[in-house]
Amino acid sequence: MSGGVEWALHCCVVLTSVEEPVPATRLAELHDVSASYLAKQLQALSRAGLVRSVQGKAGGYVLTREPASITVLDVVEAVDGPDQAFTCTEIRQRGPLATPAESCAVPCAIARAMTGADAAWRAALRAVSIADLVQDVGSDSGPRALAGIGAWLSAPDA
């Protein structure tokens, strides 16, 4: 999983703390990350319909849906794509003791294990929403943490 997923998730969480659009440069400054790399993650979120870019002097990014309706899996797939982490190349059909193709009618034990793990991982990420993460931030960092971030994001650039 790319580092962009972490950055995108943090952006989605902090965007819940503001009413107005937040420029990508302000989000990058908040997280002390590369503005150009973060902009790519925000563009991926925008293409997936999770955030919307607002143009103009007061422009920036806003969430397009309620935080409870955006899952961690939505963000992962927006940034890294929907492909499974494991791709079976049917290695059992290669080499000097290759299994004949006709004997490979079902996926091998390794492919089944990896597919099952991927499905479990996706189910776990699908079960956590941005709203859940916001609630956890409040539990982890105190109930005023996101309000402080929202105030900082909304303040005029220094």
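In this text the structure is predicted, and so the values were computed from the model without any measurement.
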Minimum heavy-atom distance between Pro23 and Gly59, given as atom pair plus value:
CG-O, 3.6 Å
When rounded to the nearest 0.5 angstrom, what distance separates CZ in Arg52 from CG in Leu42?
14.0 Å
Test ring pair (Phe, Tyr, Trp, His ring centres under 6.0 Å) applied to Tyr37 - qualifying residues, sequence neighbours left out:
Trp7
Which side chain to side chain donor-acceptor pair (under 3.5 Å) pairs, counting each pair once, include a residue from residues 94-103, with sequence neighbours left out?
none
Tell me every residue that passes side-chain hydrogen bond (donor to acceptor under 3.5 Å, both in side chains) with Thr115, counting only those two or more places apart in sequence or in another chain.
none
Please list, chain by chain and in numerical order, all residues satisfying side-chain contact (heavy atoms from CB on, under 4.5 Å) with Ser154, sequence neighbours excluded.
Val18
Which residues pass the side-chain hydrogen bond (donor to acceptor under 3.5 Å, both in side chains) test with Asp80, sequence neighbours left out?
Ser2
Distance from Leu38 atom CG to Thr25 atom OG1, nearest 0.5 Å?
9.5 Å
Just jot down the side-chain contact (heavy atoms from CB on, under 4.5 Å) partners of Glu90, sequence neighbours excluded, or say none.
Cys88, Arg92, Gln93, Cys104
With ring-ring contact (aromatic ring centres under 6.0 Å, His included) as the rule and sequence neighbours excluded, what pairs involving residues 61-99 come up?
none
With sequence neighbours left out, the residues meeting side-chain contact (heavy atoms from CB on, under 4.5 Å) with Ala8 are Gln41, Leu45, Val75, Val79
Applying a strict under-4.5 Å side-chain criterion to I, L, V, M, F, W and Y, I'd like to know whether Met114 and Trp121 cluster together.
no
Pair up each side-chain donor or acceptor in residues 122-131 with any protein partner under 3.5 Å, not counting sequence neighbours, and list the distances.
residue	atom	partner	partner atom	Å
Arg122	NE	Asp118	OD2	2.7
Arg122	NH1	Glu77	OE2	2.9
Arg122	NH2	Pro82	O	3.3
Arg122	NH2	Asp83	O	2.7
Ser129	OG	Ala131	N	3.2
Ser129	OG	Asp132	N	3.0
Ser129	OG	Asp132	OD2	3.3

Could you pull out all residues at least two apart from Trp152 that satisfy side-chain contact (heavy atoms from CB on, under 4.5 Å)?
Arg26, Glu29, Leu30
Arg65 meets the salt bridge (Lys or Arg N to Asp or Glu O under 4.0 Å) criterion, sequence neighbours left out, with Asp74
Just do the side-chain contact (heavy atoms from CB on, under 4.5 Å) check on Leu146 and Thr16 with the steps written out, would you?
CA-CA 8 Å; Leu146 276 176; Thr16 67; 4.2 Å; yes
Derivation of the side-chain contact (heavy atoms from CB on, under 4.5 Å) call for Leu27 and Val14:
CA-CA 9 Å; Leu27 291 166; Val14 301; 3.7 Å; yes
Examine distances only and state if a side-chain atom of Arg47 and a backbone atom of Ala78 form a donor-acceptor pair shorter than 3.5 Å.
no
Are the side chains of Val62 and Val51 in contact, using a 4.5 Å heavy-atom criterion?
no
Stepwise side-chain contact (heavy atoms from CB on, under 4.5 Å) check, His31 with Cys11
CA-CA 9 Å; His31 294 109; Cys11 286; 4.3 Å; yes
Glu66 atom CD, neighbour heavy-atom count above 12 within 6.0 Å
no
Heavy-atom closest pair, residues Ser17 and Gly150
OG-CA, 3.3 Å
Remaining members of the apolar cluster that contains Ile91, side-chain heavy atoms under 4.5 Å:
none
Euclidean distance, Leu50 CG relative to Ile70 CD1, rounded to 0.5 Å
5.5 Å
